[in-house]
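Just so it is clear, the structure is predicted and the values come from calculations on it, not from any experiment.
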Amino acid sequence: MEAAERPVLLVLRALGLGDFLTGIPALRALAEAFPEHRRILAAPLALAPLVRLSGTVDGMASCPGLDVPPAVDAPVDVAVNLHGRGPESHRLLLADQPEQLLAFHHPEVPRTEGLPEWRYEEHEVARWCRMLRELDIACDPRRLELAVPEERIQARPEATIVHPGAASQARRWPAERWARVVRSETSAGRVVLVTGSAGERDLCLSVAREAGLPPEQVLAGKTNLEQLALEVAGAGRVVCGDTGMAHLATALGTPSVVLYGPTSPALWGPPEGSPVHRVLWKGSTGDPHGTETDPGLLAIEVDEVLEALESLPDGVPAGA
C-alpha cells in the first residue's frame, strides 16, 4: 500500500527530550499494534534526529506545544494522547476528528468516557505502557533503546561526559561542585567532555575554567541531538542531573550517575535495579520548576558522586 493510502495514526507528545525518550516503549508498542498505519508523531521538530533513531514512526508533524493543532496531510484514523491527561491535549487531537482516540479519561471530555484512569504517582515510562495495556495493546516498558549504527560510533571508553545543566534552576547542582567532579575524573586519567545546550554554554565554560579543562572539551552548543547521541553512545560514562541527558544515557546503554533533587527517581529515573546506572537522591521532593536549587539536590555531596562514578561497570582504571 502506498504511503498516502495508509490510514493515519497520530501520536501527540509535544514535549522535550526526556519526555520523548521515556515515551519510546509506548511508541514501539503502537508501531507493532498498527503496522498498516502511517504513524506520525506530533512533537517539536528538533527531536527529529532521535525520532529517526527510534524507528517507531514514519514521520513527524511540527507541534512545539498545545496552541496550534499539528498539521496532518490526511484524515486521522487513530489519535493517541501520550502528552498528558487532558483536557487541552485531548481537545487538540479531537480537532482532527479521529475515528478512534487512545487516551486517559478526563471528565471534561465526553469522548474519553470509559478510557483508562490517570494515576499521579506513576513512573513516566510505566504510565503510558499501562494506558496502552488497558486498551489491549501489549507494551514492554523495558524497550527504551535507541539504535545508533555501530559504524558511526567512535568508542571512547575512557571518556566521561559531564552535563551540568537542566531546564530549571531547581534541578541544577552547583557549578563549583561539577568542576570538582571534572577535576577528579581528569586526575583519574579520564577524558572529560562537558555537554549542554547553546543556552547552557556559558555555564559549561565556567565549569571547565574552574576545573582547568580546555575549552575545546566543552561541547555545549556545538552538537545537535544526533551528534550528542553519538558522543554518549561512545563514552564510558555519563554524570548529570535529572534532565534529558539521563534518559539519553539509558536509551544508549551508557553507564551513568544521575543526581535527583525535587523529583523522585521512582517517577523519572532509569529502570529500577539497572546494573549500569546509579541514582543519588536524598528522599525529599519539591518544585521541579523552581527558581532556586532544591535543598535535596544540594544535600548530595561531591564525594558521593565520585564514589558512585567509581562503582560504575566497565570503567577505565585510574591512570590508564
Could you pull out all donor-acceptor pairs under 3.5 Å where a side-chain atom in residues 202-211 meets a protein atom, sequence neighbours excluded?
unit_1 : atom_1 : unit_2 : atom_2 : d
Ser206 : OG     : Leu203 : O      : 2.6

Would you say Pro255 and Leu309 make side-chain contact, with heavy atoms under 4.5 Å? no
side-chain contact (heavy atoms from CB on, under 4.5 Å) for Arg143 and Glu145? Distances and angles first, verdict last. CA-CA 6 Å; Arg143 300 179 67 188; Glu145 70 278 0; 4.0 Å; yes
Pairs under 3.5 angstrom only: tabulate donor-acceptor contacts from the side chains of residues 8-18 to other protein residues two or more places apart or in another chain.
unit_1 : atom_1 : unit_2 : atom_2 : d
Arg13  : NE     : Asp19  : O      : 2.6
Arg13  : NH1    : Leu82  : O      : 2.3
Arg13  : NH2    : Asp19  : O      : 2.9
Arg13  : NH2    : Thr22  : OG1    : 3.2
Arg13  : NH2    : Glu124 : OE2    : 2.9

Rounded to the nearest 0.5 Å, the CH2 atom of Trp173 sits from the OG1 atom of Thr293 at a distance of 11.5 Å
Atom pair CE (Met131) and CD (Glu122), whose distance is rounded to the nearest 0.5 Å: 11.0 Å
Does a donor on one side chain and an acceptor on the other come within less than 3.5 Å for Thr195 and His163? yes
Test side-chain contact (heavy atoms from CB on, under 4.5 Å) on Leu66 and His83 and set out the steps. CA-CA 10 Å; Leu66 300 181; His83 185 91; 3.7 Å; yes
Rounded to the nearest 0.5 Å, what separation is found between the CG atom of Leu132 and the CZ atom of Arg127? 13.0 Å
Residue pair Ala299 / Lys282: nearest heavy atoms and the distance that separates them: O-CE, 3.3 Å
Check the hydrophobic clustering (I, L, V, M, F, W, Y; side-chain heavy atoms under 4.5 Å; chains of links allowed) and say if Trp128 and Val80 are grouped together. yes
Short N-O contact, Glu200 and Arg172, less than 4.0 angstrom: no
Heavy-atom nearest pair, Ala103 first then His90, reads CB-CE1, 3.6 Å
Per the side-chain hydrogen bond (donor to acceptor under 3.5 Å, both in side chains) rule, what does the pair list look like for residues 66-77, sequence neighbours excluded? His37-Asp77, Arg38-Asp73
For Ser184, is there any backbone N or O sitting under 3.5 Å from a side-chain donor or acceptor partner on Arg190? no
Would you call Asp242 and Pro265 a side-chain contact if the rule is heavy atoms closer than 4.5 Å? no
Check against side-chain contact (heavy atoms from CB on, under 4.5 Å), Arg237 and Val257: CA-CA 8 Å; Arg237 55 177 66 175; Val257 173; over 6 Å; no
Connected via hydrophobic side-chain network under 4.5 Å: Leu267 and Leu21: no
Taking the side chain as every heavy atom from C-beta outward, state whether Pro262 and Thr285 have any atom pair closer than 4.5 Å. no
Looking only at heavy atoms, what is the nearest atom pair of Gly84 and Trp118, with distance? C-CZ3, 3.7 Å
Rounded to the nearest 0.5 Å, how far apart are CZ of Arg152 and CD of Gln227? 8.5 Å
More than 12 heavy atoms of other residues, nucleotides or ligands under 6.0 Å from CD of Glu292: is that the case? no
In terms of heavy-atom contacts, Val57 and Arg39 come closest through CB-O, 3.6 Å
Give a yes or no answer on whether the side chain of Arg171 reaches the backbone of Gly261 with a donor-acceptor pair at less than 3.5 Å. no
Rounding to 0.5 Å, atoms CG (Leu47) and CZ (Arg52) come to a distance of 11.0 Å
With a cut-off of 6.0 Å (strictly less than), are more than 12 heavy atoms of other residues, nucleotides or ligands near CD of Glu121? no
Quick one: closest heavy-atom pair of Ala308 and Ser311, and the distance? O-OG, 2.7 Å
Is it true that Glu304 and Arg177 make a salt bridge, defined as a side-chain N closer than 4.0 Å to a carboxylate O? no
If you define the side chain from C-beta out and look only at heavy atoms, does anything of His247 sit under 4.5 Å from Trp268? yes
Electrostatic pair Arg130-Glu134, nearest N-O below 4.0 angstrom: yes
For Thr250 and Val258, what are the C-alpha separation, side-chain angles and deciding distance, and is it a side-chain contact (heavy atoms from CB on, under 4.5 Å)? CA-CA 11 Å; Thr250 295; Val258 187; over 6 Å; no
Note: Cys63 and Val68 closest approach over all heavy atoms is SG-O, 4.2 Å
Can you get from Leu312 to Val238 by hopping between Ile, Leu, Val, Met, Phe, Trp and Tyr side chains that sit under 4.5 Å apart? no
Would you kindly confirm whether Met245 and Val239 end up in one hydrophobic cluster when ILVMFWY residues are joined by side chain heavy atoms under 4.5 Å apart? no
Which distance, rounded to the nearest 0.5 Å, do you find between the CD of Glu151 and the CD of Gln154? 14.0 Å
Leu27 with Leu225, same ILVMFWY side-chain cluster at under 4.5 Å: yes
